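What you see is a predicted model, and the numbers here were worked out from it, not measured in a lab. Both counts, for ligands and for their atoms, begin at 1 and track the order of listing.
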Amino acid sequence: MGLFVPSIRRRNSEDIVMDISFSFEELEIKKAVRKFVRNDILPIYRELDERGELPEEIRKKFLSMGLLRSVFLEAYGGVGGSFTGLIIALKELSYASLVPSWVVFENFMLAYPLLHYGSDFLKATYLPGLISLDTLGALAFTEDDTGSDPAQLKTVAKKADGGWIINGSKRFITHSGICNHMIIFTKTGDNTTAFLVESKKRGYKVGKRETFVHTKAVDNGDVYFEDYFAPDDHVIGKVGQGFEILLRTEAIGKIAFSSLFVGVGQRAIDLSLNYARTRTHRGSPIGHKFQMTQAKLARMITKLNAINAYLYQVCAKVDCGEDIFLDGAALKLLVANDIKEITSDAMEIHGAYGLSEEYDVANLYRIAIIAQVVMGSLDIQRVITAKGMLAMHGEICELVLP
Ligand SMILES: Cc1cc2nc3c(=O)[nH]c(=O)nc-3n(C[C@H](O)[C@H](O)[C@H](O)COP(=O)(O)OP(=O)(O)OC[C@H]3O[C@@H](n4cnc5c(N)ncnc54)[C@H](O)[C@@H]3O)c2cc1C
């Protein structure tokens, strides 16, 4: 059964390895988002990366595109389209800036576990706002001591009359200062449980804000829970099911996350090609004159083509309802390594201009390197990929990390 049933495309994923083709709706999404990005985002992307907010007119246009709607069921305000369609949108959107695409991504990271594990009450109350992007979501797992290991979580939920009292803190949480709701993972005895929390309620306190290398514009920071009361009906799934929910959400989340960097890689290639055609050495463009510049361009495009092929193969698996636990991790490994190299090659092609803040390539590299850490370190992705391979050959593997 597909993850977003009913899907508009239902094919055997093995066929799709040979034949990546897109539906009419998916091609329309690509056209519309590309036009929006070229016309409305590219001209203001520097300002956007400073301020983090879309001007009102452009924000309205962005919301009216209903990008997250494309993938969710009609019952919650979606249109029941494919996961591939969402990935196409995220990839196109991040070509100019991560700011709007990160909003869609974060809302997906809350809407997805709500759709699959949430009660009817949670789905009816929270999904429509998240899917329309009228409300902002977040996901909080990381703490001071760990971003990888649920066994080390220190945020605790204790049973009380009619609900749970949550105490602890979360670190580096995207949108923790601006979100309306968040999924958090806490210890409940020996287990992990997922809760839906509301940022406006007593006991939710925003802490220190973080600035990372890639952008100042995306909100990120600490959040404290001080005797935060979560009613019983705000448990997502069952008590003790948190680790499973986290793994499943992160597996699909890594695909969405990876797609943001494919847009970044495409931009690095477009800028490099333009530079190689226009920068001259003794009267000839460097792209025509120097074979080593050509070698870099060739390496960049082959890497991006390989990423795209794997990305859409994994999307096809999602749309066919296949398990993507291994693929989510393997794709992130591929993307994090190769987009870093693509943006690094782009800087080299640009010479000193590649290091200048006046040009865009240095910033693309700064964006690319965060893919190595966010959504889990690459070492963890290696462990998950290898364990997934062993499990496919009948070995019994603990999902718990070493
Ligand atoms: C821009 C940004 C946005 C973020 N947004 C969010 C968010 O919204 N929500 C959220 O919950 N978190 C968020 N994070 C946190 C991020 O997901 C974590 O930082 C990441 O998972 C790594 O965790 P860590 O920093 O604790 O590293 P650790 O887990 O402490 O890892 C440190 C090192 O040890 C290695 N290591 C750890 N465990 C193992 C193991 N079992 N096997 C092999 N090697 C291992 C790692 O590979 C790494 O090299 C964000 C981070 C950034 C930078």
What orientation do Tyr275 and Tyr353 show, parallel under 30°, tilted 30 to 60°, or perpendicular over 60°?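 Tilted.
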Could you label the plane-to-plane angle of the His181 and Tyr126 rings as parallel, tilted or perpendicular, counting under 30° as parallel and over 60° as perpendicular?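 It falls in the perpendicular class, over 60°.
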List in chain and number order the residues that pass side-chain contact (heavy atoms from CB on, under 4.5 Å) with Lys303, two or more places apart in sequence or in another chain; answer none if no residue qualifies.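 So Lys303 forms a side-chain contact (heavy atoms from CB on, under 4.5 Å) with Arg299, Asp338, Glu341, Ile342.
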Number the atoms of ligand 1 from 1 as they appear, then name those within less than 4.0 Å of a heavy atom of [X], with their elements.
| X | result |
| --- | --- |
| Phe141 | 10 (C), 11 (O) |
| Met375 | 17 (O) |
| Thr146 | 26 (O) |
| Asn220 | 2 (C), 3 (C), 4 (C), 5 (N) |
| Asp379 | 43 (C), 44 (N), 47 (O), 49 (O) |
| Gly376 | 21 (O) |

Below 4.0 Å, non-hydrogen atoms only: which portion of [X] touches ligand 1? Side chain, backbone, both or neither.
| X | result |
| --- | --- |
| Phe212 | side chain |
| Val218 | neither |
| His214 | side chain |

Partner residues of Thr142 under the side-chain hydrogen bond (donor to acceptor under 3.5 Å, both in side chains) criterion, sequence neighbours left out: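 Per chain and number, Thr142 pairs via side-chain hydrogen bond (donor to acceptor under 3.5 Å, both in side chains) with no residue.
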Considering only heavy atoms, which of Thr142, Ile384, Thr174, Asp219 lies nearest to atom 10 (C) of ligand 1?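 Heavy atom nearest to atom 10 (C) of ligand 1 belongs to Thr142.
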To which of Phe105, Trp102, Phe172 does the heavy atom nearest atom 13 (C) of ligand 1 belong?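 The option holding the nearest heavy atom is Phe172.
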Counting the benzene-type ring for Trp, do Phe195 and His234 have ring centres under 6.0 Å apart?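 Ring-ring flag for Phe195/His234: false, centres at least 6.0 Å apart.
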N/O separation below 3.5 Å, [X] to ligand 1:
| X | result |
| --- | --- |
| Leu139 | yes |
| Leu378 | no |
| Asp145 | no |
| Gly147 | yes |

Close approach of Ile370 to ligand 1, heavy atoms, under 4.0 angstrom: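 No; Ile370 lies far enough from ligand 1 that no heavy-atom distance drops under 4.0 Å.
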Do the side chains of Glu47 and Arg51 get close enough for a salt bridge, i.e. N-O under 4.0 angstrom? yes
Taking only Lys NZ, Arg NE, NH1 and NH2, and the carboxylate oxygens of Asp or Glu, determine whether Glu143 and Lys170 approach each other closer than 4.0 Å. yes
Just by distance, with hydrogens left out, do Tyr45 and Glu50 show a side-chain donor and acceptor under 3.5 Å apart?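 The answer is no; no qualifying pair exists.
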Does any donor atom in the side chain of Asn167 or Tyr224 lie under 3.5 Å from an acceptor atom in the other side chain? no
From Asp345 CG over to Thr293 OG1, what is the distance, rounded to the nearest 0.5 angstrom? 10.0 Å
